[in-house]
Colleague: 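Have a look at this one before I ask anything.
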Amino acid sequence: MSAPPRTVAVALPLPVDHPFDYAVPEGWDMPPEGALVEAPVGKGSAIGVVWGPGRWAPQDGVARLRPVVRVLDEAPLAPALRGFLARAADYTLTPLGLMARLATRAPGLGDPPPVREVYGPGDAAPDPATPARARVLAALAEQGGAPMAPTELARAAGVSAGVLKAMAAQGALSRRRLARDRPFAPLDPMRPGRPLSPAQAGAAATLRAKVAAGGYGATLLRGVTGSGKTEVYLEAAAEALGQGRQALILLPEIALTAGFLARVAGRFGDEPPQWHSDVPPAERRRLWRGVARGEARLVVGARSALFLPFRDLGLIVVDEEHDAAYKQEDGVLYHARDMAVLRAACEGAQVVLASATPSLESWVNAGTGKYDRLDLPERFGAASLPRLVAVDLRRAGLKRDRWISPALAQAVAERLEAGEQSLLFLNRRGYAPLTLCRACGHFFECPDCDARLVEHRFRGRLVCHQCGHAEPVPAACPACGASDRLHATGPGVERLAEEAAALWPAARVAVLSSDGADSAVALRAQVEAIAEGGADVVIGTQIVAKGHNFPNLTLVGVIDADLGLQNGDLRAAERTFQLIRQVSGRAGRADKPGLALVQTVAPEHPVMQAILAGDEAAFLAREAAARRAAGAPPFGRLAAAILSGADEAKVWEAAKALAAQAPLLEAAGVRLFGPVAAPVSRIRGRWRVRLLAKAPRGVGLQEALRAWAAAARPPASVRLTLDVDPQSFL
Ligand SMILES: [Zn+2]
Ligand SMILES: [Zn+2]
């Protein structure tokens with residue numbers, strides 16, 4: 001009788017729902033559950049997570065299992081994290097292995113920790129004892145005998161690297177290897193924070209008590225821009241750290257500014273480590289390890305930080321919780337806010353959702369008691385919220401191809417006079433959204449997408465915002481050959497900058513949009529330069545709305561408040577409300593009163609009325625009533641199925657095959673709509689067709705969708721993407 005096989009089930013980063021069994025070689029310790037292992041896959045190998053014991057048995061008829069290649073020298077993923085990954089995979093209809101990969105995505109895991117070579121004093125005396133060698137020993141003695149890096153030591157002693165090598169060879173220097181990774185700066189939760197207002201102190205005490213009590217809980221922390229939400233949730237983080245637990249603060253990527261990190265450093269004595277797409281690979285690996293070992297106690301990060309391998313997470317903060325950037329829209333589709341709540345539940349942690357303009361979902365959850373709610377009504381350290389005034393574009397007397405109304409121009413001129421900053425907000429990148437031939441009516445479209453090309457005049461190109469396709473702006477119309485008849489139609493931020501420069505030739509005008517910077521780091525630098533007074537008039541897209549502090553900004557002009565309402569999707573009104581509130585909240589901090597002028601063709605529209613009145617509760621109540629009546633989220637549930645492929649007929653065929661299985665959904669109480677061509681019907685040459693499933697709350701939507709999708713699997717040339725709780729309907 002041979003010994004029973006020693007097997008483990010490994011979740012591999014493959015689009016498959018189950019783990020794979022592997023043998024553990026004789027003589028090895030059994031890797032614990034959660035351990036990271038390298039396992040053979042096809043002709044290569046991959047890093048996976050031990051998910052449990054293997055189920056393989058000799059009678060299965062498989063001659064032998066392939067063995068695990070090696071067990072990585074990393075901390076195993078904790079049970080709470082594995083539980084979270086399994087539930088998140090289940091909820092988002094994502095194969096387990098792909099979800100687990102989000103938690104093991106630090107580059108170079110399993111590599112030996114990076115080391116650096118250093119020199120210290122040796123046992124032997126230098127022979128011959130040259131003056132150069134004496135200088136080397138003197139330089140080390142000056143450091144109290146502490147080892148030094150070769151370049152550092154050579155420079156200090158004024159010798160070449162060859163001298164050091166010769167001394168090491170004869171034992172006059174000792175060679176040692178030190179870990180390159182720096183330890184994490186200790187953060188001190190006992191340091192006194194900034195003085196808090198009574199409202200802040202009350203909210204902070206409530207959150208501290210919840211963290212101290214332990215266990216899961218969710219709180220919506222609502223406070224207008226500048227009300228001091230950050231100081232309040234940092235107290236909750238201090239409580240978690242004081243208890244020896246870890247804390248995570250999530251921010252929309254671009255809100256991760258040096259200013260924010262400095263505020264955290266002000267509370268805890270040092271900056272916390274960051275996790276986002278611009279962090280270099282070696283730093284990400286260091287942080288992953290530090291988090292897994294419990295050495296990194298507080299992390300500030302973008303949405304993917306949610307998957308870091310915390311050992312004992314006591315608190316998650318989701319700042320700007322309403323922000324659409326929390327939805328991951330490619331690869332694994334998940335909403336980081338919702339997954340933060342799920343992770344907190346799995347970890348027995350508190351989750352704080354902070355916003356000046358909460359999402360309707362969170363608002364309703366607070367209303368039903370699923371979340372607690374804390375309000376910070378007053379504006380800490382500042383006089384009041386900006387005054388909001390509508391500018392009726394129907395009566396503004398705007399000239400053709402001009403977008404800054406005389407009233408707004410006058411207000412900007414006054415700010416220039418006073419040495420204060422103004423912000424003109426327009427959520428349109430580029431110069432003009434449409435380029436039209438006035439001779440024949442031709443307009444420019446992307447060859448690969450169902451999208452018009454947007455002129456970017458600074459770059460001299462027509463650009464597709466779906467796929468990035470770019471072509472030079474031609475001198476003549478490609479359809480009719482007429483020259484000088486191409487007309488830029490409509491405004492973009494670049495065109496607005498041109499208008500601003502013509503109106504105020506002496507003013508420094510800056511454009512803030514994702515086109516102006518190569519990376520989030522460059523963008524943050526640009527934002528910080530503006531905040532320090534680097535521009536008089538700032539022209540920006542929605543990235544200006546995200547939590548930046550411009551202390552000298554006292555005027556906001558919303559160029560086209562109606563823009564967001566035109567796309568007609570489920571959250572159009574909600575997003576418009578949030579965006580205009582957030583943007584106008586940029587004005588008038590630091591004791592200078594602010595003014596927001598909102599240009600609109602429909603000041604009587606209920607959404608505009610709610611924005612102007614500043615009555616958020618009334619707006620949310622009205623919006624909630626409309627969604628409830630329609631059975632729309634958060635009162636009902638939605639899931640989208642998007643089919644895409646290069647062959648339009650095949651995509652439609654696959655969509656119709658899925659539609660034919662609708663009875664499977666209906667039997668479970670789920671209604672199916674479609675198929676219809678997606679509003680953007682082609683991206684990068686792939687045709688797109690959508691179906692929408694809708695269910696009342698309490699229906700097993702995921703289970704029904706799984707069975708439905710399995711009943712009509714599309715051919716390999718067509719991709720099926722399931723998006724549970726979709727945010728985008730394009
Ligand atoms: Zn033409
Ligand atoms: Zn395109």
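Residue numbers count from 1 along this sequence. Remember, it's 1-based here, ligands and their atoms both numbered in the order they're listed.
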Colleague: For L672 and A662, which heavy atoms make the closest approach, and how far apart are they?
Modeller: CD2-CB, 3.9 Å
Colleague: So Y334 and F307, would you call those rings parallel, tilted or perpendicular, with 30° and 60° as cut-offs?
Modeller: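 Y334 vs F307 ring planes: perpendicular.
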Colleague: Taking distance alone, no hydrogens or angles, what donor-acceptor pairs closer than 3.5 Å link side-chain atoms of residues 89-101 to residues at least two apart or in another chain?
Modeller:
{"unit_1": "D90", "atom_1": "OD1", "unit_2": "R706", "atom_2": "NH2", "d": "3.1"}
{"unit_1": "Y91", "atom_1": "OH", "unit_2": "R637", "atom_2": "NH2", "d": "3.2"}
{"unit_1": "Y91", "atom_1": "OH", "unit_2": "D725", "atom_2": "OD2", "d": "2.6"}
{"unit_1": "T92", "atom_1": "OG1", "unit_2": "A88", "atom_2": "O", "d": "2.8"}
{"unit_1": "T92", "atom_1": "OG1", "unit_2": "T94", "atom_2": "OG1", "d": "2.7"}

Colleague: Just the protein N/O/S atoms under 2.8 Å from the Zn ion (ligand 2), please, no waters.
Modeller: C446 SG, C449 SG, C464 SG, C467 SG
Colleague: Where is the tightest heavy-atom contact between S405 and Q599, given as atom of each residue plus distance?
Modeller: OG-OE1, 2.7 Å
Colleague: side-chain hydrogen bond (donor to acceptor under 3.5 Å, both in side chains) for R571 and Q578? Distances and angles first, verdict last.
Modeller: CA-CA 10 Å; R571 295 182 178 84; Q578 288 164 349; over 6 Å; no
Colleague: Check step by step if side-chain contact (heavy atoms from CB on, under 4.5 Å) holds for Y431 and V473.
Modeller: CA-CA 12 Å; Y431 185 82; V473 184; over 6 Å; no
Colleague: For V544 and L512, work out which heavy atoms get closest and say how close.
Modeller: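 Shortest heavy-atom contact: CG1-CD2, 3.7 Å.
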Colleague: For a distance under 2.8 Å, give residue and atom name for each protein N, O or S atom next to the Zn ion (ligand 1).
Modeller: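 Near the Zn ion (ligand 1), the protein supplies C437 SG, C440 SG, C477 SG, C480 SG.
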Colleague: Give the intermediate values and the outcome of side-chain hydrogen bond (donor to acceptor under 3.5 Å, both in side chains) for residues S359 and E574.
Modeller: CA-CA 8 Å; S359 62; E574 184 187 345; 5.0 Å; no
Colleague: Which pairs with one or both residues in residues 646-656 pass side chain to side chain donor-acceptor pair (under 3.5 Å), sequence neighbours excluded?
Modeller: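 Non-adjacent pairs meeting side chain to side chain donor-acceptor pair (under 3.5 Å): zero.
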